[in-house]
Amino acid sequence: MDDRQGSLEWAEQKAKEIATLLLFWYEKNKRLLPWRTTADPYAIWLSEIMLQQTQVDAVIPYYRRFLEQFPTIRDLARAPLEAVLKAWENMGYYSRARHLHAAARLVVDSHGGQLPQDPDDLKALPGIGPYTAGAILSIAFGKPVPAVDGNVKRVLSRLFAVDRPLNDGSTQRYISLLAEKLVPAENAGLFNSALMELGALLCRPGMPTCSACPLTSICLAYAGNSQHQLPVAGKRAKRPHKEAAAVILRDSGNRLLIVQRPADGFLGGLWKFPGGMVNPGETVSEGLKNRCREELNLSVSVREPLLTLQQGYTHFQLTLHVFSGTILEGNPGLPATGNWLWASVGDIRRFPFSRAELRILEALFP
DNA sequence: AACGCGGGGGG
DNA sequence: CCCCCAGCGTT
């Protein structure tokens with residue numbers, strides 16, 4: 001976090017000019033987004049959670065539906081987690097939904113139903129980290145604190161020509177210090193939003209649109225023509241490939257057997273069809289039978305392949321084989337964790353599923 | 001500090 | 001194919 005170019009002091013000197021240029025640009029060029037027309041801290045909080053690692057266009061419909069279904073923190077706190085997960089279905093990173101729900105209950109129980117304005121109280125709520133706390137404090141409560149997200153890191157790395165890997169901890173601390181120097185006493189929320197908007201609209205990864213940027217007169221990367229080389233990327237891991245299998249089992253009433261995933265794990269709390277990962281050394285069919293026994297203490301016969309699909313996740317690429325099958329022995333046992341039930345085709349979409357299961361449903365029961 | 005956590009858009 | 005996205009929590 002050393003300040004080799006003396007940029008911290010320079011940032012402090014240029015802060016007012018940067019804020020003036022940026023806010024002028026923002027008022028003329030900002031997108032009209034639904035969370036920009038509300039002053040409700042809960043709505044702003046919700047938008048910030050949904051926007052974590054998820055693009056604006058993807059969030060908008062979820063945001064509208066969620067607020068319609070859970071208009072206040074108390075409504076959210078009263079709701080069953082399952083309903084919240086259903087509202088989050090297919091958006092990914094479901095721990096966000098679980099944490100938001102838990103946080104709403106904490107707010108009702110410990111803060112009188114109002115989102116706390118104290119930074120430490122805010123950060124103590126599950127799902128609210130440094131960025132989200134800064135965003136809520138500045139945008140909803142008008143506090144002069146920075147909000148450093150991926151956009152801001154990229155913008156500031158160019159503005160101050162930070163040539164160290166962005167995902168390095170010390171670089172991030174340095175960027176946060178820069179952001180702290182820049183944030184104005186007034187209009188901090190607008191300023192933070194403007195910095196992010198600049199990153200989203202102009203100062204984009206790879207090929208920034210410097211010709212339209214209000215900050216070229218300040219930008220050290222632009223001055224040195226290094227804007228295309230910044231920010232410096234860190235190294236990234238390759239995604240391994242994994243194999244999994246699932247089975248469609250029906251009872252005498254033609255209902256489908258579904259299983260709920262453990263609350264804290266991968267896709268936690270969402271429902272799935274019986275099955276799981278195929279281990280090395282197992283055939284797909286063996287793996288499927290073994291997973292059914294482990295998962296439900298169920299002996300199944302694997303019949304015919306119904307479909308195979310590819311699904312990408314953050315840390316691996318999955319090939320999922322789906323089979324029809326029959327139960328050879330007994331009824332499903334209690335799984336170690338979670339729950340199971342028989343769902344009719346008409347009812348099954350009331351349960352929250354991940355993208356892979358949604359694709360299975362779409363293919364087999366359109 | 002490194003990793004787990006989804007899904008989709010865009011080059 | 002790759003990267004990246006209004007990051008956080010755990011280890």
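These numbers come from a predicted model, not from an experiment.
Sequence order on DNA chain C of the closest nucleotides to A/Y93 and A/P205 puts A/P205 first from the 5' end. Heavy-atom nearest nucleotides on DNA chain B were determined for A/L267 and for A/R204, and the one closer to the 5' end corresponds to A/L267.
Applying the 4.0 Å criterion to OP1 and OP2 of B/dA1, one finds that A/N167 has every side-chain N and O outside that range. The phosphate of B/dG8 (OP1 or OP2) has a side-chain N or O of A/R355 nearer than 4.0 angstrom. Within the 4.0 Å cut-off from OP1 or OP2 of B/dG8, not a single side-chain nitrogen or oxygen of A/T54 is found. Residue A/Q53 has a polar side-chain atom (N or O) positioned under 4.0 Å from OP1 or OP2 of C/dG7. A/H315 has no side-chain polar atom (N or O) that falls below the 4.0 Å cut-off from OP1 or OP2 of B/dC5.
Look at the C1' atom in both C/dC8 and B/dG9: the space between them is 23 Å, to the nearest Å. Comparing the same atom, P, in C/dT11 and in B/dG6 gives a spacing of 16 Å after rounding to whole Å. Atom name P, nucleotides B/dC3 and C/dC3: the rounded distance is 16 Å, in whole Å. Only the P atoms considered, B/dG4 is 24 Å distant from C/dA6, to the nearest whole Å.
Side-chain proximity of A/T132 to C/dA6, C/dG7, B/dG7: nearest is C/dG7. Distances were taken from every side-chain heavy atom of A/R31 (C-beta onward) to each of C/dA6, B/dG7, B/dC5; the shortest belongs to C/dA6. Nearest to the side-chain atoms of A/R173 among the listed nucleotides B/dG8, B/dA1, B/dG6 stands B/dA1. Checking C/dG7, C/dA6, B/dG8 against every side-chain atom of A/Q55, the shortest atom distance belongs to B/dG8.
Rounding to whole angstrom units, CE of residue A/M91 and P of B/dG8 are separated by 12 Å. Atom CZ of A/R261 and atom C1' of B/dG6 are 11 Å apart (whole Å). Distance, A/F316 CZ to B/dG7 C1': 12 Å, rounded to whole Å. Taking atom CZ on A/R239 and atom P on B/dC3, their separation rounds to 16 Å, with Å as the unit. With rounding to whole Å, A/D264 atom CG is found 12 Å from B/dC5 atom P. Here the P atom of nucleotide C/dG7 and the CD atom of A/Q172 are 11 Å apart, to the nearest Å. Atom pair A/R154:CZ and C/dC5:P shows a separation of 5 Å (rounding to whole Å applied). One can place CD of A/Q52 at 14 Å from P of C/dC5, the figure rounded to the nearest angstrom.
With hydrogens and angles left out, the side chain of A/S354 and the base of B/dG6 share no donor-acceptor pair within 3.5 Å.
A/E243 and A/T319 share no side-chain donor-acceptor pair at under 3.5 Å. A donor atom on one side chain and an acceptor atom on the other are found under 3.5 Å apart for A/R96 and A/T54. Judged by distance alone, the side chains of A/Y42 and A/Q114 never bring a donor and an acceptor atom under 3.5 Å apart.
Checked options A/K28, A/R204, A/R31; the residue passing with A/E197 is A/R31 (criterion: salt bridge (charged side-chain N to carboxylate O under 4.0 Å, His left out)).
Taking a pair to require two hydrogen-bonding distances under 3.5 Å in either a Watson-Crick or a G-U wobble arrangement, B/dC5 pairs with C/dG7.
For the pair A/R239 and A/Y313, the cation-pi criterion (under 6.0 Å, within 45° of the ring axis) is not fulfilled.
Within 4.0 Å of A/N192, counting heavy atoms only, lies no atom of the nucleic acid at all. As judged by a 4.0 angstrom heavy-atom cut-off over every strand, A/W35 is placed among the base-contacting residues. A/L125 comes within contact range of the sugar-phosphate backbone alone, with a heavy-atom separation under 4.0 Å but no base atom that close.
Using a 4.0 Å cut-off between charged side-chain N and carboxylate O, A/K123 and A/D120 make no salt bridge. Using a cut-off of 4.0 Å between Lys/Arg side-chain N and Asp/Glu carboxylate O, A/K14 and A/E17 are scored as salt-bridged.
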